[in-house]
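The block underneath contains the structure these notes are about, expressed in structure tokens.
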There are 2 protein chains.
Amino acid sequence: MTDDRPQATEHDVALIGRATQQRAMVLGALVVVEGFISAQALHRRLVADGSPVGLSTVYRTLTALVEAGRADVVRAADGERLFRHRPGPDHRHYLICTECGLSLPVESGPVERWAARIARTSGFADVRHAVELSGVCPDCDRKADQTADQAQGP
Amino acid sequence: MTDDRPQATEHDVALIGRATQQRAMVLGALVVVEGFISAQALHRRLVADGSPVGLSTVYRTLTALVEAGRADVVRAADGERLFRHRPGPDHRHYLICTECGLSLPVESGPVERWAARIARTSGFADVRHAVELSGVCPDCDRKADQTADQAQGP
DNA sequence: GTTTTTGCAAAGCTTTTGCAATCCG
DNA sequence: CGGATTGCAAAAGCTTTGCAAAAAC
């Protein structure tokens, strides 16, 4: 069976308006992913899993989750927005693999302190920071090396 | 006369291929702006100034400048890309006013060191970082306060 | 029974690309 | 000349929106 998926859905979904099946499915899928994913990719997953949710609903739900503070959003290099379920209330930063999307929380104390200091000393109000670390994770890097080897001849 | 505009153009333009009038105009306009600006806004400025450069040329030139390290690019909240002429060769971070676009370079040593350490310890390859600080500059903040005061009644 | 939400299709955005005409060297 | 560059228009992506049908409370 396929019922071992996390489903802290019904409860959370109410936070963004009426509790509908679609919102529960979108949130459920987002939780399962455990990493950043684009609205379109999430929609593809839902459809593939036999949960035919409309793309606009996915967008609307994700936007609502972000506004409600239940999801984080970052901007990929190509401009796509990537969403991630936010389990706790803290503000974190991630190191994201540009190949496979794997995301790793990183220790962000120094950046937080740096940003706080700039906020204090700059005279600016309501200072926010967005920090995105990206790279190629060990797995993908290994695969890339193998491909490169093949390409230049065995 | 209107000849007091910075024009370190002809020389720099050569760095991205042939020195054409259009590229000189795009780079010239970007230098004059002294801050972040979108490709479309820059195009509007050029047209308004009687320099009818094609929008695609603006995009191509800005992209080339970024690749050549002569411009920085950041992503606005709405996904638009904002470009800025980079006078020196160093990699910098800015504090950008969300109201007026004013940008201030900030001291970024701590972030650089933090990012470098993550890169070293994570096992990821080719780690890059994007850091964006934004807020409301003192001028705009003052204006906003005045507006708020008026709104709630004098 | 009313009000919100959905889904589809169409539009909106920024950005990229194809290709003939044009310009630089 | 000959290849690089331009400009237009069309295409490509991601995201948003209008509106009738469906679902929630």
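Proteins get letters first, then strands, A, B, ... in listed order; numbering begins at 1 in each. None of the values given here were measured: they were computed from a predicted structure.
Scanning for side-chain hydrogen bond (donor to acceptor under 3.5 Å, both in side chains) contacts around B/Q40 gives B/Y59, with sequence neighbours left out. Taking A/R75 as the reference, A/R81, A/E132, B/R75 meet the side-chain contact (heavy atoms from CB on, under 4.5 Å) condition, with sequence neighbours excluded. By the salt bridge (Lys or Arg N to Asp or Glu O under 4.0 Å) test, B/R128 pairs with B/D126, sequence neighbours left out. Scored by the side-chain contact (heavy atoms from CB on, under 4.5 Å) test, B/A71 finds B/L30, B/L65, B/V66 as partners (sequence neighbours excluded).
Each salt bridge (charged side-chain N to carboxylate O under 4.0 Å, His left out) pair with one or both residues in residues 35-48 of chain B, not counting sequence neighbours, would appear here, but there are none. For the ring-ring contact (aromatic ring centres under 6.0 Å, His included) condition, the pairs that include at least one residue of residues 32-57 of chain A, sequence neighbours left out, are A/F36-A/Y94. The list of side chain to side chain donor-acceptor pair (under 3.5 Å) pairs with a residue in residues 112-122 of chain B, not counting sequence neighbours, reads A/E107-B/R117, B/H91-B/E112, B/H93-B/E112, B/E112-B/H129.
Comparing D/dG2, D/dG7, D/dA23 against the side chain of B/R18 picks out D/dG2 as the nearest. Taking only side-chain atoms of A/E80, from C-beta outward, the nucleotide of D/dT5, D/dG7, D/dT15 with the closest atom is D/dT15.
Salt bridge annotation for B/R84-B/D72: absent, with no cationic side-chain nitrogen under 4.0 angstrom from a carboxylate oxygen.
Residue B/S56 is the one, among B/Q21 and B/S56, whose nearest nucleotide of DNA chain C lies closer to the 5' end (criterion: closest heavy atom). Map B/Q40 and A/L55 each onto its nearest nucleotide of DNA chain C; the residue landing nearer the 5' end is A/L55.
Along DNA chain C, read 5' to 3', the first and last nucleotides having any atom under 4.0 Å from a heavy atom of chain B are C/dT14 to C/dG25.
Distance A/I37 CD1 to D/dT15 P: 12 Å, rounded to the nearest Å. Following rounding to the nearest Å, A/H43 (NE2) and D/dT15 (P) show an atom-to-atom distance of 13 Å. One interatomic measurement links the two molecules: CZ of B/R60 to C1' of D/dG7, which rounds to 8 Å at whole-angstrom precision. Spacing between atom CE of A/M25 and atom C1' of D/dA23 amounts to 13 Å, rounded to whole angstrom units. A/E67 places its CD atom 13 Å from the C1' atom of D/dT16, with the value rounded to the nearest Å.
Nucleic acid contact class of B/R81 (heavy atoms, under 4.0 Å, all strands): sugar-phosphate only.
With B/D49 contributing its side chain and B/S51 its backbone, the two residues share no donor-acceptor pair below 3.5 Å.
With the end axes of the helix from C/dG1-D/dC25 to C/dG25-D/dC1 each set by five pairs, the angle from one to the other reads 30° at 10° resolution.
Applying the 4.0 Å criterion to OP1 and OP2 of D/dT16, one finds that A/Y59 has every side-chain N and O outside that range. Not one side-chain nitrogen or oxygen of A/Q22 sits closer than 4.0 Å to the OP1 or OP2 atom of D/dA24. At the phosphate of D/dA23, neither OP1 nor OP2 sits under 4.0 Å from any side-chain N or O atom of A/T20.
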